[in-house]
Amino acid sequence: MLCAPLGSFISNRVSCQVGIMLGGMLASTGLILSSFATSLEHLYLSLGVLTGLGFALCYSPAIAMVGKYFNKRKALAYGIAMSGSGIGTFILAPVVQLLIEQFSWRGALLILGGFVLNLCVCGALMRPITLKEDHENPPELLGQEYVSKAQKQDLKQISMCSPLMKDWSHECLCHCSWQEYNFLLMPDFMVLAVSVLFMAYGCSPLFVYLVPYALSVGVSHQEAAFLMSILGVVDIIGNITFGWLTDRRCLKKYRHICYLFAVGMDGLCCLFLPVLQSFPLLVPFSFTFGYFDGAYVTLIPVVTADVVGTASLSSALGVVYFLHAVPYLLSPPIAGWLVDTTGSYTASFLLCGFSMIFSSILLCFARLTKKIKRTHLRSLAKDANTKQQIWTNGTMAYSVAGELDQKDVEMLAIDTNSYCNR
């Protein structure tokens with residue numbers, strides 16, 4: 001997550017294909033080197049840093065390409081694409097355990113390294129396409145991946161002709177770099193970024209402490225593990241079905257509201273969790289939380305694209321996923337400290353719930369403010385475009401905006417007055 005902006009930067013500068021293939025090679029190399037590890041510090045570097053960096057280079061460009069490929073059923077496409085993470089976790093967990101039993105952990109890491117190398121094949125399939133909105137922004141062409149090599153070579157030759165041309169080309173490239181990240185100053189994106197921080201803080205601790213909490217209220221080990229299995233499977237269902245639902249004609253215009261609803265529902269689930277102290281009560285919680293967790297995860301790229309546009313989606317997703325990383329690092333230790341301090345999980349779960357609800361309310365308030373402002377501006381524009389009426393002794397003259405200027409209106413009023421006097 002911390003290196004997600006780096007993945008977006010490489011994909012924007014070179015191409016998504018190269019970024020994902022490079023990430024696949026790094027991740028595979030990290031897993032293969034981990035199979036020869038002799039210390040935990042070695043694993044920190046190989047499995048932690050190198051493999052994590054490789055996955056970072058793959059994740060945000062792959063998600064951004066879904067937004068470029070699909071338009072009509074974008075939410076469903078995101079749901080199917082992002083459900084792969086849950087499906088992979090669900091299937092590979094027992095497979096990896098079997099590999100460890102058969103080939104030891106070193107052999108399992110070696111096999112996984114070869115398996116992850118298939119990311120290079122996936123990256124090769126990410127065919128770059130040209131979007132209509134890219135053509136509508138000519139200054140950005142220099143930094144886009146669809147610019148041909150011949151055009152880039154021409155630009156290089158032009159820049160070598162004279163110092164003036166060289167300065168001009170440098171300014172253009174700097175302008176292109178700024179265009180990739182000018183969304184950072186957009187008020188809508190700033191609100192979304194703050195909302196993501198609170199949302200990520202609220203969702204992370206539950207995955208860490210659901211099983212310990214279930215054990216603390218008397219649920220058996222097998223049933224506690226089953227709760228996480230339910231949550232994972234329903235998360236996959238939420239990815240796909242909520243994406244399909246929000247692509248319906250009746251809900252497509254309200255996908256932002258559906259995102260707010262899903263985040264708010266997860267927050268409410270966290271608030272009610274401390275009073276659920278038996279396995280029959282925790283099962284419906286796992287279903288509800290898992291479904292809405294998959295729902296809003298699917299809509300994060302959709303909402304981001306609605307705010308910044310498809311052309312800047314890759315860079316914006318890199319920033320959004322980077323913002324996820326900070327709460328993911330901080331929230332579980334904070335929740336653990338609250339558990340140790342208070343002697344119960346209540347304070348931790350309440351803080352998570354209120355954090356997610358605040359995230360939803362913040363976006364809702366920003367959306368309402370923007371709607372009120374837009375309505376006010378629309379009413380002002382409507383008043384400016386209405387027909388001007390000039391009343392002279394019961395006779396009315398009209399001046400339609402754009403057809404008569406103010407001088408014509410005054411002359412028409414003088415002529416009308418003189419005719420009435422006569």
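The structure presented is a predicted model; accordingly, all values stated were derived computationally and were not measured.
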S.K.: I236 and S83: which non-hydrogen atoms are nearest, and at how many Å?
M.R.: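 Minimum heavy-atom separation between I236 and S83: CG2-CB, 3.9 Å.
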S.K.: Any chance you could lay out the side chain to side chain contact (heavy atoms under 4.5 Å, CB included) test for L6 and L57, step after step, and finish with the verdict?
M.R.: CA-CA 7 Å; L6 179 62; L57 298 184; 4.0 Å; yes
S.K.: Counting only N and O atoms by type, is there a donor-acceptor contact under 3.5 Å from the side chain of S348 to the main-chain atoms of A335?
M.R.: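 A pair under 3.5 Å: yes.
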S.K.: Less than 4.5 Å apart, side chain to side chain, heavy atoms only: is that true for V307 and F183?
M.R.: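 V307 does not reach F183 side chain to side chain.
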S.K.: Going by the rule side-chain contact (heavy atoms from CB on, under 4.5 Å), which residues pair with V191 if we only count those two or more places apart in sequence or in a different chain?
M.R.: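 Testing V191 for side-chain contact (heavy atoms from CB on, under 4.5 Å), a comparison that skips the adjacent residues, returns L362, L363, A366.
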S.K.: With side chain to side chain contact (heavy atoms under 4.5 Å, CB included) as the criterion, how do L268 and I357 come out once you've worked through the C-alpha distance, each side chain's angles and the decisive distance to 0.1 Å?
M.R.: CA-CA 7 Å; L268 286 175; I357 291 175; 4.0 Å; yes
S.K.: Please tell me if the side chains of C364 and L368 come closer than 4.5 Å, counting only heavy atoms from C-beta onward.
M.R.: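 Counting from C-beta outward, C364 and L368 do come under 4.5 Å.
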S.K.: For P61 and I20, work out which heavy atoms get closest and say how close.
M.R.: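 Closest pair (atom of P61, atom of I20, distance): CB-CG1, 4.2 Å.
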S.K.: With sequence neighbours excluded, what pairs up with A325 under the side-chain contact (heavy atoms from CB on, under 4.5 Å) test?
M.R.: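 For A325, the residues satisfying side-chain contact (heavy atoms from CB on, under 4.5 Å) (neighbours in sequence not counted) are M1, L2.
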S.K.: Taking salt bridge (Lys or Arg N to Asp or Glu O under 4.0 Å) as the definition, give me every residue that meets it alongside D188, ordered by chain and number, with sequence neighbours left out.
M.R.: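 Partners of D188 by the salt bridge (Lys or Arg N to Asp or Glu O under 4.0 Å) criterion, ordered by chain and then number, come out as K370.
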S.K.: Going by the ring pair (Phe, Tyr, Trp, His ring centres under 6.0 Å) test, which pairs reach into residues 94-121, not counting sequence neighbours?
M.R.: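 Found none.
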S.K.: Nearest heavy-atom pair of L119 and C58: which atoms, and what distance?
M.R.: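 Heavy atoms only, the tightest pair is CD1-SG, 3.9 Å.
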S.K.: Determine the minimum heavy-atom distance between A75 and T246, stating which atoms define it.
M.R.: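 Between these two residues, the closest heavy atoms are CB-OG1, 3.3 Å.
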S.K.: Show your reasoning for whether side chain to side chain contact (heavy atoms under 4.5 Å, CB included) applies to F285 and L273.
M.R.: CA-CA 8 Å; F285 166 83; L273 183 56; 3.9 Å; yes
S.K.: Please tell me if the side chains of S11 and M65 come closer than 4.5 Å, counting only heavy atoms from C-beta onward.
M.R.: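 Sidechains of M65 and S11: no contact.
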S.K.: Could you note down all residue pairs passing side-chain hydrogen bond (donor to acceptor under 3.5 Å, both in side chains) where residues 57-67 supplies at least one of them, sequence neighbours left out?
M.R.: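 For residues 57-67: S8-S60.
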S.K.: Just wondering, do H324 and V196 contact through their side chains at under 4.5 Å, heavy atoms?
M.R.: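 Contact flag for V196/H324 side chains = yes.
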S.K.: Please, which pairs that meet side-chain hydrogen bond (donor to acceptor under 3.5 Å, both in side chains) have at least one residue in residues 350-367, sequence neighbours excluded?
M.R.: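 Those involving residues 350-367 are S195-S359.
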S.K.: Mind listing the closest non-hydrogen atom pair of P212 and V208 along with its distance?
M.R.: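 Answer, listing the atom of P212 first, then V208: CD-O, 3.5 Å.
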S.K.: Got a sec, which residues hit ring pair (Phe, Tyr, Trp, His ring centres under 6.0 Å) with F198, two or more places apart in sequence or on another chain?
M.R.: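 Listed in chain order: F358.
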S.K.: Give me each pair satisfying ring pair (Phe, Tyr, Trp, His ring centres under 6.0 Å) with a member in residues 209-268, each pair once, sequence neighbours excluded.
M.R.: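 Residue pairs passing ring pair (Phe, Tyr, Trp, His ring centres under 6.0 Å), neighbours aside: Y213-Y345, Y213-F349, F261-F292.
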S.K.: Please check this pair: side chain of S28 against backbone of G24, looking for a donor-acceptor N/O pair closer than 3.5 Å.
M.R.: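 Side chain of S28 to backbone of G24, a donor-acceptor pair under 3.5 Å: no, none is there.
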S.K.: Do D235 and V297 make a side-chain contact, defined as non-hydrogen atoms from C-beta onward lying under 4.5 Å apart?
M.R.: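 No, side chains not in contact.
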S.K.: Any side-chain heavy-atom pair from I32 and L109 closer than 4.5 angstrom?
M.R.: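 No, side chains not in contact.
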S.K.: Is there any side-chain hydrogen bond (donor to acceptor under 3.5 Å, both in side chains) pair reaching into residues 280-299, and which pairs are they, with sequence neighbours excluded?
M.R.: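 Checked against side-chain hydrogen bond (donor to acceptor under 3.5 Å, both in side chains) - neighbours excluded - the pairs reaching residues 280-299 are N239-T298, T241-Y291, D293-Y296.
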S.K.: Check whether any side-chain heavy atom of K74 sits under 4.5 Å from a side-chain heavy atom of K68, and report yes or no.
M.R.: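 They are not in contact (no side-chain heavy atoms under 4.5 Å apart), so the answer is no.
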S.K.: Determine, step by step, whether C203 and D266 satisfy the side chain to side chain contact (heavy atoms under 4.5 Å, CB included) criterion, reporting the C-alpha distance in whole Å, the side-chain angles of both residues, the deciding distance to 0.1 Å, and the verdict.
M.R.: CA-CA 8 Å; C203 72; D266 264 0; 5.7 Å; no
S.K.: Test of understanding: with ring pair (Phe, Tyr, Trp, His ring centres under 6.0 Å), list the residues that count as partners of F287, not counting sequence neighbours.
M.R.: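 Result, ring pair (Phe, Tyr, Trp, His ring centres under 6.0 Å) vs F287: none returned.
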S.K.: Between C352 and L206, is any pair of side-chain heavy atoms under 4.5 Å apart?
M.R.: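 No, their side chains stay 4.5 Å or more apart.
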S.K.: Residues in side-chain contact (heavy atoms from CB on, under 4.5 Å) with V219, at least two apart?
M.R.: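 Once residues adjacent in sequence are excluded, the partners of V219 under the side-chain contact (heavy atoms from CB on, under 4.5 Å) criterion are A214, V217, E223, A224, F279, L282.
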S.K.: Only pairs at least two apart or in different chains count here, so list each side-chain hydrogen bond (donor to acceptor under 3.5 Å, both in side chains) that has a residue in residues 39-58.
M.R.: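 Qualifying pairs: S34-S46.
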S.K.: Given 3.5 Å as the limit, does a donor-acceptor pair link the side chain of R106 with the main chain of A37, or not?
M.R.: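 Between the backbone of A37 and the side chain of R106 there is a qualifying donor-acceptor contact (under 3.5 Å).
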S.K.: Quick check: are there more than 12 heavy atoms from other residues, nucleotides or ligands sitting under 6.0 Å from CE of M186?
M.R.: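 Counting neighbours around CE of M186, more than 12 heavy atoms of other residues, nucleotides or ligands fall under 6.0 Å, so yes.
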